[in-house]
Peer 1: 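Structure below; questions to follow.
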4 protein chains.
Amino acid sequence: MAQRRFRRRKDARPGEITAAAAALFAEKGYAATRVDDVARRAGVSKGLMYLYFRTKEELLKSVIRSFIEPRIEALRQRIEEPELSAEEFLRGPFLQFIRALPNSPVHVIVKLMVTEGPRHPELVAYYWNNVVSLGLDTLRRLLQRGVDNGEFRSSALQEFPHLMIAPVLFAVLYSSLFGKHEKLDTDRMFAEHVGILIESLKRDPRRGDTG
Amino acid sequence: MAQRRFRRRKDARPGEITAAAAALFAEKGYAATRVDDVARRAGVSKGLMYLYFRTKEELLKSVIRSFIEPRIEALRQRIEEPELSAEEFLRGPFLQFIRALPNSPVHVIVKLMVTEGPRHPELVAYYWNNVVSLGLDTLRRLLQRGVDNGEFRSSALQEFPHLMIAPVLFAVLYSSLFGKHEKLDTDRMFAEHVGILIESLKRDPRRGDTG
Amino acid sequence: MAQRRFRRRKDARPGEITAAAAALFAEKGYAATRVDDVARRAGVSKGLMYLYFRTKEELLKSVIRSFIEPRIEALRQRIEEPELSAEEFLRGPFLQFIRALPNSPVHVIVKLMVTEGPRHPELVAYYWNNVVSLGLDTLRRLLQRGVDNGEFRSSALQEFPHLMIAPVLFAVLYSSLFGKHEKLDTDRMFAEHVGILIESLKRDPRRGDTG
Amino acid sequence: MAQRRFRRRKDARPGEITAAAAALFAEKGYAATRVDDVARRAGVSKGLMYLYFRTKEELLKSVIRSFIEPRIEALRQRIEEPELSAEEFLRGPFLQFIRALPNSPVHVIVKLMVTEGPRHPELVAYYWNNVVSLGLDTLRRLLQRGVDNGEFRSSALQEFPHLMIAPVLFAVLYSSLFGKHEKLDTDRMFAEHVGILIESLKRDPRRGDTG
DNA sequence: TATGAATGAGATTTCATTCAT
DNA sequence: TATGAATGAAATCTCATTCAT
């Protein structure tokens with residue numbers, strides 16, 4: 001009988017609010033975003049927000065979790081694709097994966113971690129445990145497989161797989177900050193990057209050395 | 001009996017205040033730092049702050065400028081050291097330069113640019129013009145010298161010198177965020193990074209390729 | 001047990017606040033009135049004030065408008081009462097109108113215009129358009145009617161209807177300033193004033209002259 | 001021996017400061033004028049101001065006194081010019097006197113009295129005693145002389161000489177506020193005003209009446 | 001659930017006044 | 001005298017949070 005046409009399913013609400021918050025946090029930063037703004041963008045009253053998130057900080061945590069959680073599984077699954085050689089994996093799925101990142105909302109979480117991380121150690125720990133160390137382990141295992149295969153030489157990259165993803169972090173921040181000044185062709189840059197890595201991994205161990 | 005409230009040192013004050021602000025901005029972020037805090041840390045009254053900086057934003061701009069200005073000259077001077085070969089330059093002064101960065105206050109400016117940049121395009125432009133594009137140009141010229149020398153092959157790195165410094169940005173942020181979780185040996189990582197770069201630049205052009 | 005803090009009367013609030021502000025501005029002047037005072041007098045929190053008026057200046061403008069708007073129509077309507085001769089109008093409704101002014105809150109707006117006008121040209125323009133020039137026009141039309149009637153001679157008063165209301169401004173300010181020193185009987189003074197005006201308007205044009 | 005070329009006579013200082021303050025108070029109002037502004041305009045350091053005027057209020061009082069004092073004598077002297085008939089006096093010296101006012105700095109004191117008077121009763125009393133009541137008395141004596149002469153009839157103007165100067169107050173404020181909207185020809189308006197007054201004072205007492 | 005008016009603590013900013021020099 | 005850097009109390013303004021409805 002009543003007017004229930006415009007009533008949304010209430011279960012969608014928290015997600016909608018989190019999404020609105022994520023967009024605004026990315027745009028203006030956490031501190032500069034007013035709860036009012038989030039409510040307006042989510043099409044919800046301010047009071048309702050406090051029904052789902054007890055404080056603004058809760059909202060921040062929710063935003064961060066909402067970015068990490070759906071990606072954990074994806075990350076885990078990408079790990080071993082045993083049909084491919086290590087080099088094929090790097091030139092294929094790995095390159096494809098990192099190419100997608102600059103156009104994805106990772107920049108949101110990167111910015112939030114950079115700005116708010118120092119005041120929220122538990123978020124940092126959560127992110128480190130569920131994303132960073134997981135990712136680094138995966139890369140290490142990949143390199144090890146290459147070494148075991150005989151594809152790759154043993155190298156310091158196994159200690160510093162960070163170097164494999166550093167350009168991704170760089171590209172994400174660079175594009176978001178200096179996009180107006182320089183349009184970075186991240187696709188080609190990442191291809192070059194992977195090329196360099198593989199070159200190094202495959203080089204004749206008798207030559208070259210490292211400081 | 002001592003405490004002399006009026007210290008009369010007009011010339012030193014702006015610098016002292018800027019330094020205090022920089023420290024706090026780095027620690028807690030711009031928004032979360034109260035003008036009061038800066039004043040207290042600088043050992044100065046709140047009112048005096050507004051004698052030197054008309055608004056909190058002016059203070060931010062001053063902090064950013066104070067980081068950039070003294071480094072512009074340093075950057076310019078480091079450019080060409082003609083006695084060295086390009087490779088020697090990379091393994092010597094360049095490596096030394098980037099090794100110093102994670103322990104320097106760069107992380108302050110990186111964080112500030114990431115957080116406040118989007119709302120202060122003129123600061124971003126200033127930083128891009130005076131630091132970023134200058135640095136990239138320098139690297140490009142170095143690579144070109146190597147190519148002209150016959151030391152290096154011609155490569156896509158000339159288009160993407162960004163890859164040469166990406167690990168620095170990475171390390172700065174990584175250490176500041178995850179320092180508690182992993183102590184990154186940036187000295188060795190950077191050495192490995194330079195090694196990889198040179199290996200790539202020197203490799204026999206008949207082999208290798210790029211995706 | 002009673003005091004209900006939330007009174008929920010959105011529609012009434014702006015008016016209540018404006019009224020409180022008007023009273024205080026009149027009493028102490030705009031600059032010397034603190035927003036806090038207005039809030040307290042309106043029985044409202046400081047924060048709420050800024051929900052309705054974005055700055056203290058907005059509040060001032062609102063006060064001024066609140067004085068002018070309701071009077072515009074009154075002014076318009078008083079214009080022509082065709083059953084009365086021009087003289088009858090002056091001795092009747094006109095006299096009655098100006099007699100009411102010194103006891104009305106006009107002094108508030110007069111003071112505010114005098115003090116704050118110079119820094120708010122748009123308010124001055126608004127007041128001039130909606131009150132002053134309207135009033136002067138009305139007086140001119142009245143005089144013209146008298147001339148057309150044959151009641152009045154044609155005179156310089158038609159150019160300077162200002163002279164007809166100058167005593168009102170005078171009385172308003174004089175009473176508010178020197179009320180303690182001299183109690184001015186404005187009723188009788190205005191009657192004398194109207195008498196003088198009519199005497200002048202009706203005099204035999206062959207006699208008298210003007211410097 | 002020393003550099004005393006630029007040293008002003010210290011006795012001129014207070015006057016210079018008062019003049020600067022008067023100009024600024026007139027322009028922006030007392031409250032909106034900063035002590036700093038006055039110092040700058042007077043070409044003096046802020047500290048020095050406090051040597052001559054212990055508080056900002058002292059400065060205000062000084063400004064007001066500086067306007068009143070030099071005019072008291074002038075007013076007294078203008079009183080009786082026995083060679084002239086009352087009408088000649090009104091059409092001559094009186095008209096000339098009031099014509100000068102709108103172009104003089106009276107508007108400064110008028111504004112200051114209107115705005116600051118309510119909070120400084122002693123200033124109001126001072127002004128009333130030394131200017132207002134003095135002026136009204138003078139006008140009353142003039143009218144009395146006319147009546148005694150047989151020039152004028154006895155009238156309510158003797159009770160309300162205020163009506164004789166009301167247009168002056170009006171013109172001063174009107175010009176200062178609405179000068180941009182209407183350029184008032186105060187010379188002609190005052191002439192008309194005096195004409196009306198004299199007409200009334202001289203009219204045949206058998207006719208006319210006053211409500 | 002849902003609203004948004006209302007609060008109040010706390011932030012930024014202003015400015016008369018002081019005081020070492 | 002003369003300066004102007006420095007102070008601090010008080011003003012304006014902001015915003016996360018509450019709560020009557």
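As the structure is a computational prediction, the values presented were derived from the model and not from experiment. Below, read A as the first sequence line, B as the second, and so on, with proteins coming before strands; counting in each chain starts at 1.
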Peer 1: Of the nucleotides E:dA2, F:dT17, E:dT13, which has the atom closest to the B:Lys56 side chain?
Peer 2: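 Nucleotide nearest to B:Lys56's side chain: E:dT13.
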Peer 1: How many whole angstroms separate atom CD of D:Glu16 from atom C1' of F:dA2?
Peer 2: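 The distance from CD of D:Glu16 to C1' of F:dA2 comes to 14 Å, rounded to the nearest Å.
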Peer 1: Any strand counts, and the cut-off is 3.5 Å on both contacts for Watson-Crick or G-U wobble. Which nucleotide pairs with E:dA9?
Peer 2: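 Partner of E:dA9: F:dT14.
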Peer 1: For C:Met49 and for A:Leu48, locate the closest nucleotide of DNA chain E by heavy-atom distance; then report the residue assigned to the nucleotide nearer the 5' terminus.
Peer 2: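 It is A:Leu48, whose closest nucleotide lies nearer the 5' terminus.
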Peer 1: The side chain of B:Ser45 is closest to which nucleotide in this list: F:dT7, E:dT7, F:dA16?
Peer 2: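 So the side chain of B:Ser45 is nearest to F:dT7.
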Peer 1: Just say parallel, tilted or perpendicular for the rings of B:Phe178 and A:Tyr127, cut-offs at 30° and 60°.
Peer 2: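 Aromatic pair B:Phe178/A:Tyr127 classed parallel.
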Peer 1: Nearest-nucleotide wise, let me know which of C:Arg54 and B:Gly47 is further upstream toward the 5' end of DNA chain F.
Peer 2: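 With B:Gly47 and C:Arg54 compared, the 5'-side residue is B:Gly47.
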Peer 1: Starting at CZ of C:Arg40 and ending at C1' of F:dT12, how long is that distance when rounded to a whole Å?
Peer 2: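 Answer to the nearest Å: 15 Å.
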Peer 1: Measure CD/C:Glu58 against P/F:dT12 and give the value in whole Å, please.
Peer 2: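 Value for this atom pair: 15 Å.
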Peer 1: Can you tell which of F:dC15, F:dT17, E:dA2 lies closest to the side chain of A:Arg13?
Peer 2: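 Of F:dC15, F:dT17, E:dA2, E:dA2 is nearest to the side chain of A:Arg13.
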Peer 1: May I ask you to establish whether C:Lys56 and C:Tyr50 are in a cation-pi arrangement, using a distance under 6.0 Å from NZ or CZ to the six-membered ring centre and at most 45° from the ring axis?
Peer 2: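 Checked: cation-pi criterion not met.
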Peer 1: To the nearest Å, how far apart are B:Leu51 CG and E:dT18 C1'?
Peer 2: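 Going from B:Leu51 (CG) to E:dT18 (C1'), I get 14 Å.
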Peer 1: Cut-off 3.5 Å, side chains only: do A:Thr18 and A:Ser66 have a donor facing an acceptor?
Peer 2: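 The criterion, which ignores hydrogens and geometry beyond distance, is not satisfied for A:Ser66 and A:Thr18.
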Peer 1: Can you tell me the distance, in whole Å, between the CG atom of A:Asp36 and the P atom of F:dC13?
Peer 2: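 To the nearest whole Å, that distance equals 19 Å.
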Peer 1: I'd like to check A:Glu116 versus A:Leu123 (side-chain heavy atoms, cut-off strictly below 4.5 Å). Are they in contact?
Peer 2: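 Result no, sub-4.5 Å side-chain heavy-atom pair not found.
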Peer 1: If you find the nucleotide of DNA chain F closest to C:Val35 and the one closest to A:Glu57, which residue's nucleotide is nearer the 5' end?
Peer 2: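 Looking at DNA chain F, the more 5' nearest nucleotide goes with C:Val35.
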Peer 1: Remember a base hit wins even if backbone is also touched, and classify D:Lys46 as base, sugar-phosphate or nothing at under 4.0 Å, heavy atoms.
Peer 2: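 Since a base atom lies under 4.0 Å of D:Lys46, the category is base.
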Peer 1: Using purine N1 to pyrimidine N3 plus N6-O4 or O6-N4 for Watson-Crick, or N1-O2 and O6-N3 for G-U wobble, both under 3.5 Å, which nucleotide pairs with F:dA6?
Peer 2: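 Answer to the pairing question: E:dT17, which forms a Watson-Crick or G-U pair with F:dA6.
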Peer 1: Within this structure, what is the CZ-to-C1' distance between D:Phe53 and E:dC15, rounded to whole angstrom?
Peer 2: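 Taking atom C1' of E:dC15 as the reference, CZ of D:Phe53 is at 19 Å.
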Peer 1: Which nucleotide, F:dT12, E:dT17, E:dT14, lies nearest any side-chain atom of C:Tyr50?
Peer 2: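 Selected nucleotide: F:dT12.
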Peer 1: Given E:dT7, E:dA16, E:dA2, identify the nucleotide with an atom nearest to the side chain of A:Tyr52.
Peer 2: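 That would be E:dA2.
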Peer 1: For the side chain of D:Arg34, starting at C-beta, report the closest nucleotide among F:dT1, E:dT18, E:dC15.
Peer 2: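 Nucleotide nearest to D:Arg34's side chain: E:dC15.
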Peer 1: Using a 6.0 Å distance limit plus a 45 degree cone around the ring axis, check whether D:Lys61 lies over the aromatic ring of D:Tyr126.
Peer 2: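 So D:Lys61 doesn't make the cation-pi contact.
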